[in-house]
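In what follows, chains are A, B, ... by sequence order, proteins preceding strands, each numbered from 1.
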Protein chains: 2
Amino acid sequence: MPTIRDVAKLAGVAPITVSRVINDTSYVSQETRGRVESAIEELGYVPNMLGPSLRFQQTLTLAVVITDITNPFWTTVTRGVEDIAQANGYSTILCNTDESDEKQDQYLHMLLRRRIDGILLVPACSDAKPIELIRKQAIPVVVLDRRIPDVDVDIVRADSEAGAYQLTQHLISLGHRNIMMLAGPKSVSTSVDRVDGYQNALREANLPENTSHVVWGNYSQEAGYQMTQEVLTLTPRPTAIFAANNFVAVGVMQALQEQGIRVPQDIALVAFDDLPSTFTITPFFTVARQPAREMGQRATQLLLERIKGASDVPCQHVILPTQVIIRASSGERIAA
Amino acid sequence: MPTIRDVAKLAGVAPITVSRVINDTSYVSQETRGRVESAIEELGYVPNMLGPSLRFQQTLTLAVVITDITNPFWTTVTRGVEDIAQANGYSTILCNTDESDEKQDQYLHMLLRRRIDGILLVPACSDAKPIELIRKQAIPVVVLDRRIPDVDVDIVRADSEAGAYQLTQHLISLGHRNIMMLAGPKSVSTSVDRVDGYQNALREANLPENTSHVVWGNYSQEAGYQMTQEVLTLTPRPTAIFAANNFVAVGVMQALQEQGIRVPQDIALVAFDDLPSTFTITPFFTVARQPAREMGQRATQLLLERIKGASDVPCQHVILPTQVIIRASSGERIAA
DNA sequence: TTTCGCTATGGTATGGGTAACATGATACGC
DNA sequence: GCGTATCATGTTACCCATACCATAGCGAAA
């Protein structure tokens, strides 16, 4: 593969002159420029970034570490990241941890060895360790979507609590008094926040304490399916179900359909996270939609500011609003 | 950030000794090893890959260039790539071109500047240029999913033609004689192959020439929606529709539902590519499923062999079989 | 005429890890 | 007692692009 020296030799100039032609950083005569450009063309020269990366400790690379690449919510967040990264001349590396702490650790070490310039992290656990690991290398990091207790770090997330509060309120306003919450893992802050929002709505509606029913599981379709089967054996049977995310909601629907239970006639259903329109033939779920792309954009802007040296500014905690979209799955007002 | 020299100084040894401890490449006494390990721990030292990458022209990085990150088919292929890459000590960079030739070009140049070790490319167009660009830098490349005419290059793809042939045959066996094919772009080989499979099936069933009806569009839900609206104005109305991919199928369903046309009672529907089970509440579409994850794995194995220097072996063209899954959307046998 | 600024080009040092080579020390066999 | 194998550690050079400093010609202002 040709180097800048090969180009220089062919054009009869010094390497630095070739560099100047490529980056337009200083005076080069038209005549010399022409010779250099021909040489570049002839050799098919592509500059090697690794030299400057090593020299100037800057790789112009960001990393996005997400927990589930099959969830369109995360791929949409990733697009938001790319929007801003690309506009600022940065490339992105996408890492998928599958919610595994171990995989996350592997990826983080890999990223540190590569000396990437910044990390956008969706933590696989509510642990301070990964943040400390990154901080020790003085690499800027912005946490996405999830709170981490007892760590002062930049965070960009959606308002899970308010969204869950509104969804629950919507169900209550329709007359529901026995609402089942099918939550994600206890170790993930969004899951905890959504349960809090749900319980706050119940409390503020002055419903008796024992109306709160929460089943903890995880953010997957299988979990939604199993939790629903469990819930259907209860008496009295809940009149509404709150699914903590989109995958859980699909699992719920599968279990209900299998048992011949109709939504919303027999049981009302609401969920967090919208499903992508590219897959849902008829939008059906009443949901709290998170501004996924904007989350990615905001987080990346913040990260780039940190990279550019705003290290004295105190850590920010950006909370974006969710949007409740009422559709068929939550049904009409029911009799008391 | 500490370097190997800082560690060496603290441990009272030469940098190379630290290197030997980390990589276990030569003799180091237990006592020295202990001192070095403590120093690494104390400084929180993480080796900088950029040094060796520059020196030995090896970044231990592969790139996957896909055309649509929102399509789970491609994220599944990507997982297959990661399976093999990670097992061999390689990291992957994921690039999303959105079927744009220009974006593809930008990404490829970025990857070349980074001196990644190999590229898995889903070409955004049937053009030989991107391959030539990569080849000029002597970087191994394996093409995924799509044929490129007049270029000798390794390819791993699914058998679009056979899958389309079988799906069409299935419709014919159910009595359909007026089957509409809603294809992808003419510039993408899978689209062309699926049309060929469809037409071959018609021909072999000895159906009259004029039974072949193809509308060219692209692989999106919007296109499926629009093409369907167009098709519904035809007389006689087709009794069956063949959607060239999963997104198109969803668009078809939306258009049909809007017009109150039932599937499969009024129109039968088959499609290429399965929808992920995490989204589909009840699997409904009769589809030809491609072995996505396996495609990624096979392609990566091949790429790694090329990287390890099997450059004299002639280019391979791996074609994996598709699997036809018959579900409700294609319906029962109809009257002639 | 001298000084200054602008144009145009080049030499050298730098960054971090490690292959290749070099240097000792100890141990063992004959 | 000497050659040889093994253990243990160190020195130097290298990869590539470019910031920094240096050089020199030329025209214009002082």
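Of the charged side-chain nitrogens involved, at least one lies within less than 4.0 Å of a carboxylate oxygen, so that B:Arg33 and B:Asp24 count as a salt-bridged pair. A salt bridge is absent between B:Lys136 and A:Glu42; no separation between the charged side-chain nitrogens and carboxylate oxygens falls under 4.0 Å. Ion pair B:Arg35/B:Glu31 flagged as a salt bridge, since at least one NZ, NE, NH1 or NH2 atom sits closer than 4.0 Å to an Asp/Glu carboxylate oxygen. With respect to B:Arg79 and A:Asp98, a salt bridge is recorded, a charged nitrogen being found less than 4.0 Å from a carboxylate O.
The 5' end of DNA chain C is approached more closely, in terms of each residue's nearest nucleotide, by B:Leu54 than by the other of B:Pro15 and B:Leu54. Comparing B:Arg55 and B:Ser29 along DNA chain D, the residue whose closest nucleotide (by nearest heavy atom) sits nearer the 5' end is B:Ser29. Mapping B:Phe56 and B:Glu31 onto DNA chain D by nearest heavy atom places B:Glu31 at the nucleotide closer to the 5' end.
Nearest nucleotide to the side chain of B:Gln57, out of C:dT7, C:dT9, D:dC15: D:dC15. Here the nucleotide nearest the side chain of A:Thr17, chosen from C:dT9, D:dT18, C:dT18, is C:dT9. Considering only the side chain of A:Asn23, D:dT18 comes nearest among C:dG10, C:dG17, D:dT18.
A straight line from CD of A:Gln58 to P of D:dA17 spans 17 Å, rounded to a whole angstrom. Rounded to whole angstrom, the span from the CG atom of B:Leu60 across to the P atom of C:dT18 amounts to 11 Å. In this structure, the CG atom of B:Asn48 is 6 Å from the C1' atom of C:dG16, given to the nearest Å. As a whole-Å value, the separation of A:Lys9 NZ from C:dG10 P is 14 Å. Computed from coordinates, the A:Leu50 CG to C:dG15 C1' distance equals 12 Å when rounded to whole Å. In this structure, A:Ile4 atom CD1 and D:dC14 atom C1' are separated by 18 Å, rounded to whole Å. Rounded to an integer number of Å, the gap from CD1 of A:Ile22 to P of C:dT9 is 15 Å. Atom P of nucleotide C:dG16 and atom CG of A:Leu112 are separated by 16 Å, given to the nearest angstrom.
Across all strands shown, B:Val18 has no heavy atoms under 4.0 Å from either base or sugar-phosphate atoms. B:Thr32 comes within contact range of the sugar-phosphate backbone alone, with a heavy-atom separation under 4.0 Å but no base atom that close. Contact annotation for A:Ile16: base contact, defined as any heavy-atom pair under 4.0 Å involving a base atom. Using a 4.0 Å heavy-atom distance criterion, A:Val28 is classed as a sugar-phosphate-only contact.
Considering every non-hydrogen atom in both B:Ile148 and B:Ile155, the closest pair reads N-CD1, 4.2 Å. Scanning both residues, B:Ile139 and B:Ile119, for their nearest heavy atoms gives CG2-CG1, 4.4 Å.
A sub-4.0 Å separation between OP1 or OP2 of D:dG25 and a side-chain N or O of A:Tyr27 is absent. One finds no side-chain N or O of A:Ser53 lying less than 4.0 angstrom from the OP1 or OP2 phosphate oxygen of C:dG15.
Between the side chain of A:Arg20 and the base of C:dG10 there is at least one donor-acceptor pair of N/O atoms closer than 3.5 Å. The base of D:dA17 does not come close enough to the side chain of B:Arg113 for any donor and acceptor atom to sit less than 3.5 Å apart.
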